[in-house]
Structures are given as structure tokens and as C-alpha cells.
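Structure first, commentary second.
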Amino acid sequence: VAKIRLGILGATGMAGRSAVIHEENLKQKGQSYASLELVTGSPQSQGKNLGEVFKEKERDLSTRYSFWNQRSCPESYSQMKVHGLDAEKISKKVDYVISALPSAVAKEIEPKLRERGVNVFSNASEFRWKNDIPLIMPEVNPDQIKRVNEQSTKGVQVNNPNCTTAGFTPVLKALERFGLEKVNITTFQAISGKGDKVSGSEYASNIKGNVVDDWKRETIQWRGEEVRA
Ligand SMILES: NC(=O)c1ccc[n+]([C@@H]2O[C@H](COP(=O)([O-])OP(=O)(O)OC[C@H]3O[C@@H](n4cnc5c(N)ncnc54)[C@H](OP(=O)(O)O)[C@@H]3O)[C@@H](O)[C@H]2O)c1
């Protein structure tokens with residue numbers, strides 16, 4: 001089977017780097033359906049090698065946070081050149097993109113790519129509330145993919161829901177057949193949900209010491225039992 005030609009937009013960011021690692025994992029497992037042909041970043045990263053930017057970003061995070069588990073760029077992609085967001089050029093190189101761009105940037109480029117025949121899988125929130133763009137969780141509502149037929153562009157788009165929804169809906173789906181009636185949900189966002197901005201001083205200065213250690217240390221008594229604060 002011929003592999004699809006894939007691009008990762010925002011490949012240098014927090015979510016994009018995860019997508020790059022995911023592609024490598026699929027390859028290692030012999031489940032790769034795509035050939036990664038293009039990676040993009042902001043003007044700051046353009047022209048550099050993906051491996052170089054990857055290393056800088058992960059190093060910044062581990063400098064700020066002692067608990068950060070530094071990730072490495074897969075060897076096979078580390079020499080890829082980071083490109084900019086030129087819809088015309090992208091559409092010549094790839095047929096599909098995974099978009100891990102900030103919403104404001106996704107808003108501009110994703111429609112241009114669809115018009116040029118590129119199929120877009122987006123992590124960005126920008127088009128999540130558009131009726132003809134389905135939010136797909138493969139474990140939950142794969143049948144909704146048919147709704148891309150309502151789209152009038154040459155390329156089509158599906159989005160994923162926000163990360164908390166993506167986490168709990170497969171569990172609810174599995175429980176559905178037992179007659180689930182009501183669910184109370186409280187969600188907490190990890191700081192990594194803010195992307196690489198967490199390597200800036202704003203977040204680090206709000207966290208004293210090592211969060212993991214503090215979490216273990218700070219316990220309180222509640223109804224006679226020791227619980228974590
Ligand atoms: N972090 C998460 O856990 C998470 C989970 C689910 C969904 N998302 C969504 O995924 C998207 C990316 O989030 P993130 O956390 O990965 O953010 P991030 O770490 O800030 O990464 C943003 C990416 O977009 C690129 N970029 C920024 N401005 C650009 C511009 N003007 N032109 C071209 N490229 C630009 C960045 O390039 P540089 O590296 O060169 O700056 C980087 O590759 C967001 O829409 C977010 O809501 C994030």
C-alpha cells in the first residue's frame with residue numbers, strides 16, 4: 001500500500017513534537033501508513049533542522065522544571081528542515097497534514113490548505129464548533145467521519161476535541177452499555193497544556209521548587225486521615 005504524504009504543521013511545538021514521536025513509534029511497530037515529508041515551525045525556527053529545535057525546546061523545559069522528562073527527536077527526522085506556512089508549497093509536498101498550530105494561525109492556513117486539496121487533521125480549537133467539521137475520537141464516534149462529505153472544499157478537515165474530552169470520552173463509551181445515566185466530571189489541565197510557553201518565566205516563577213516533591217510533601221488531615229493537599 002502506498003503511504004500517504006504527510007506534513008506536521010507546528011512540528012516544533014509541544015503537541016507537534018508529540019506527533020513527530022508518534023509517527024516514529026508507528027514506524028517502529030510496522031504500523032506506519034504515512035511518510036513524513038514536511039515539518040513547519042514559526043519564523044524563529046524556519047531553516048533550522050528539526051532535531052536542533054527539538055533539542056533547544058526540550059532543554060529549555062528541563063532547565064525550568066527539574067521533573068521534565070526530556071524527549072529526543074527521532075533520528076530519522078532530525079535532519080528535516082523546518083519550513084514556513086506557505087499553502088501553495090505545502091500542497092505540492094503533501095496530501096495530508098496534522099495541524100498542531102496555535103488557533104489564530106490555524107484559522108488562516110487550514111482553510112487555504114483545504115482549498116488546495118490538502119486533508120487537514122487539526123488539534124487546534126479554531127474550527128471545533130463548525131458544524132460541517134466533525135470532531136472525531138476514533139474509539140467513540142468513527143462513523144461521524146462521513147460528515148466530511150458535506151464539506152465543499154477539495155481537501156477535507158476533521159478535528160479532535162480538547163484534550164480533557166479526548167481523555168474521558170473513550171472511557172464513557174466503554175461504560176455506555178452498562179446504562180450510564182449521569183457523570184460528574186472535574187478536569188485539571190497540566191501545565192504542558194500551555195505548550196512551550198511554560199518554559200517562559202511566567203509559569204516557572206509561580207512554581208516553587210519541584211512540583212512533584214511539593215505534591216508528595218504537602219499533606220493535610222481530613223476526617224482523621226492524611227490526604228494530599
Ligand atoms: N499542549 C497540549 O497538550 C495540547 C493538547 C491538545 C491540543 N493542543 C493544541 O495544539 C496546538 C499547539 O499547541 P502547543 O501546546 O503545541 O503550542 P506550542 O508549543 O506553542 O507550539 C506551537 C507551534 O506552532 C508554531 N507557530 C507559532 N506561531 C506561528 C506562526 N505565526 N507561524 C507559523 N507557526 C507558528 C510554533 O513554532 P515555533 O516552535 O517555531 O515557535 C510551534 O511549532 C494549539 O492549538 C493547542 O490548543 C495542545
Side-chain angles (χ1 to χ4, degrees), residues 6-23 36 38-65 67-74 77-78 80-91 93-94 97-113 118 120-130 133 135-140 157-170 187-204 211:
L6 178 72
I8 298 180
L9 312 182
T12 52
M14 181 81 78
R17 297 198 298 281
S18 293
V20 171
I21 291 171
H22 184 63
E23 283 309 311
L36 183 57
L38 172 103
V39 290
T40 79
S42 75
Q44 272 175 314
S45 306
Q46 282 162 39
K48 296 182 181 172
N49 287 342
L50 180 62
E52 188 189 339
V53 185
F54 216 103
K55 204 169 175 179
E56 281 169 15
K57 296 284 194 96
E58 291 289 327
R59 199 184 42 217
D60 282 354
L61 286 162
S62 68
T63 305
R64 292 274 179 203
Y65 304 105
F67 54 84
W68 192 262
N69 215 349
Q70 268 194 69
R71 304 173 296 172
S72 315
C73 183
Y77 303 134
S78 65
M80 285 182 85
K81 201 169 147 206
V82 178
H83 288 266
L85 288 178
D86 181 322
E88 199 56 39
K89 284 188 185 159
I90 294 172
S91 67
K93 285 185 167 233
V94 298
V97 292
I98 293 172
S99 167
L101 293 168
S103 277
V105 184
K107 183 181 183 178
E108 297 296 318
I109 190 77
E110 290 177 359
K112 289 182 187 160
L113 291 171
V118 179
V120 179
F121 294 88
S122 182
N123 286 291
S125 60
E126 183 57 34
F127 296 109
R128 281 187 189 145
W129 291 100
K130 241 183 147 259
I133 295 184
L135 292 184
I136 300 284
M137 282 300 300
E139 301 86 348
V140 177
Q157 176 156 354
V158 301
N159 274 40
N160 63 6
N162 118 326
C163 37
T164 52
T165 312
F168 68 72
T169 49
T187 67
F188 297 86
Q189 285 279 356
I191 54 168
S192 58
K194 266 287 179 194
D196 286 320
K197 291 181 226 47
V198 299
S199 64
S201 56
E202 182 194 348
Y203 289 89
V211 183

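Counting starts at 1 for both ligands and their atoms, following the listed order. Quick note: residue numbers are just sequence positions, from 1.
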Considering only heavy atoms of L85, which atoms of ligand 1 have at least one such atom less than 4.0 Å away?
32 (N), 33 (C)

Between ligand 1 and Q44, is the shortest N or O to N or O distance under 3.5 Å?
no

Write out the residue and atom name of the closest protein heavy atom to atom 15 (O) of ligand 1, then the distance separating them to 0.1 Å.
G195 CA, 2.9 Å

Of all protein heavy atoms, the one nearest atom 43 (O) of ligand 1 is T12 OG1, 2.7 Å

If we only count N/O pairs under 3.5 Å, is G10 in contact with ligand 1?
yes

Nearest neighbour of atom 25 (C) of ligand 1 from the list G84, A19, S42, A104, on a heavy-atom basis
S42

Can you list the ligand 1 atoms lying under 4.0 Å from a non-hydrogen atom of N123?
7 (C), 9 (C), 10 (O)

Counting heavy atoms only, which part of D196 comes closer than 4.0 Å to ligand 1: side chain, backbone, both or neither?
both

Within a strict 4.5 Å, meaning less than it, do heavy atoms of the T12 and K48 side chains meet?
no

Sidechain-backbone polar pair: N159 side chain, A124 backbone, donor-acceptor under 3.5 Å
yes

Just by modelled atom types, is the S72 backbone N or O under 3.5 Å from a matching donor or acceptor in the R17 side chain?
no

Heavy-atom side-chain proximity of R128 to L135 below 4.5 angstrom
yes

Write out the residue and atom name of the closest protein heavy atom to atom 27 (C) of ligand 1, then the distance separating them to 0.1 Å.
P102 CG, 3.6 Å

Heavy-atom nearest neighbour in the protein, as seen from atom 5 (C) of ligand 1, with distance rounded to 0.1 Å
C163 SG, 4.0 Å

Between L36 and Y77, is a side chain to side chain contact (heavy atoms under 4.5 Å, CB included) present by the stated rule, with each step listed?
CA-CA 8 Å; L36 183 57; Y77 303 134; 3.9 Å; yes

Between N162 and T164 (side chain of the first, backbone of the second, donor and acceptor by atom type, cut-off under 3.5 Å), is there such a pair?
yes

Side chain or backbone, does G16 bring an N or O within less than 3.5 Å of an N or O on ligand 1?
no

List every atom of ligand 1 that sits less than 4.0 Å from any heavy atom of A124, numbering the atoms from 1 in the order shown and giving each element.
45 (O)

Quick one: does any side-chain atom of K197 pair with a main-chain N or O of K194 as donor and acceptor, under 3.5 Å?
yes

Close N or O approach (K57, ligand 1; < 3.5 Å)
yes

Evaluate the 4.0 Å heavy atom contact test for atom 29 (C) of ligand 1: does a protein atom fall under the cut-off?
yes

Does the protein place a non-hydrogen atom closer than 4.0 angstrom to atom 47 (O) of ligand 1?
no

The atoms of ligand 1 lying under 4.0 Å from a heavy atom of G13, numbered in the order shown, are 16 (O), 19 (O), 21 (O), 42 (C), 43 (O)

Just by modelled atom types, is the K81 backbone N or O under 3.5 Å from a matching donor or acceptor in the N49 side chain?
no

Given the rule in the side chain to side chain contact (heavy atoms under 4.5 Å, CB included) test, do L85 and L9 qualify, once you have shown the distances and angles that lead to the verdict?
CA-CA 8 Å; L85 288 178; L9 312 182; 4.2 Å; yes

Is the closest heavy atom of E126 to ligand 1 under 4.0 Å?
no

Is a side-chain N or O of T40 found less than 3.5 angstrom from the main chain of G84, in a donor-acceptor match?
no

Do any N/O atoms on S45 end up under 3.5 angstrom from N/O atoms on ligand 1?
yes

Would you say V94 and L6 make side-chain contact, with heavy atoms under 4.5 Å?
no

All heavy atoms of A106 vs all of F127, minimum pair found to be O-CE1, 3.8 Å

Protein residue, atom and distance nearest to atom 31 (N) of ligand 1, heavy-atom basis
V105 CG2, 3.8 Å

Residue-level breakdown please: for Q46 versus ligand 1, do any non-hydrogen atoms fall below 4.0 Å on the side chain, on the backbone, on both, or on neither?
neither

Are any of the N/O atoms in L101 less than 3.5 Å from those in ligand 1?
yes

Could you walk me through whether V20 and M80 pass side chain to side chain contact (heavy atoms under 4.5 Å, CB included), step by step?
CA-CA 11 Å; V20 171; M80 285 182 85; over 6 Å; no

Nearest-neighbour protein heavy atom for atom 12 (C) of ligand 1, which is reported as residue plus atom name and distance:
A100 O, 3.2 Å

Which of these, G193, A15, P161, has its nearest heavy atom closest to atom 13 (O) of ligand 1?
A15

Looking only at protein heavy atoms, which one is nearest to atom 1 (N) of ligand 1, and what is the separation?
S192 O, 3.0 Å

Would M14 count as a polar contact of ligand 1, with the cut-off being nitrogen or oxygen pairs under 3.5 Å?
yes

Side chain to side chain contact (heavy atoms under 4.5 Å, CB included), that's the test. Do R71 and S18 meet it? Break it down for me.
CA-CA 9 Å; R71 304 173 296 172; S18 293; 2.8 Å; yes

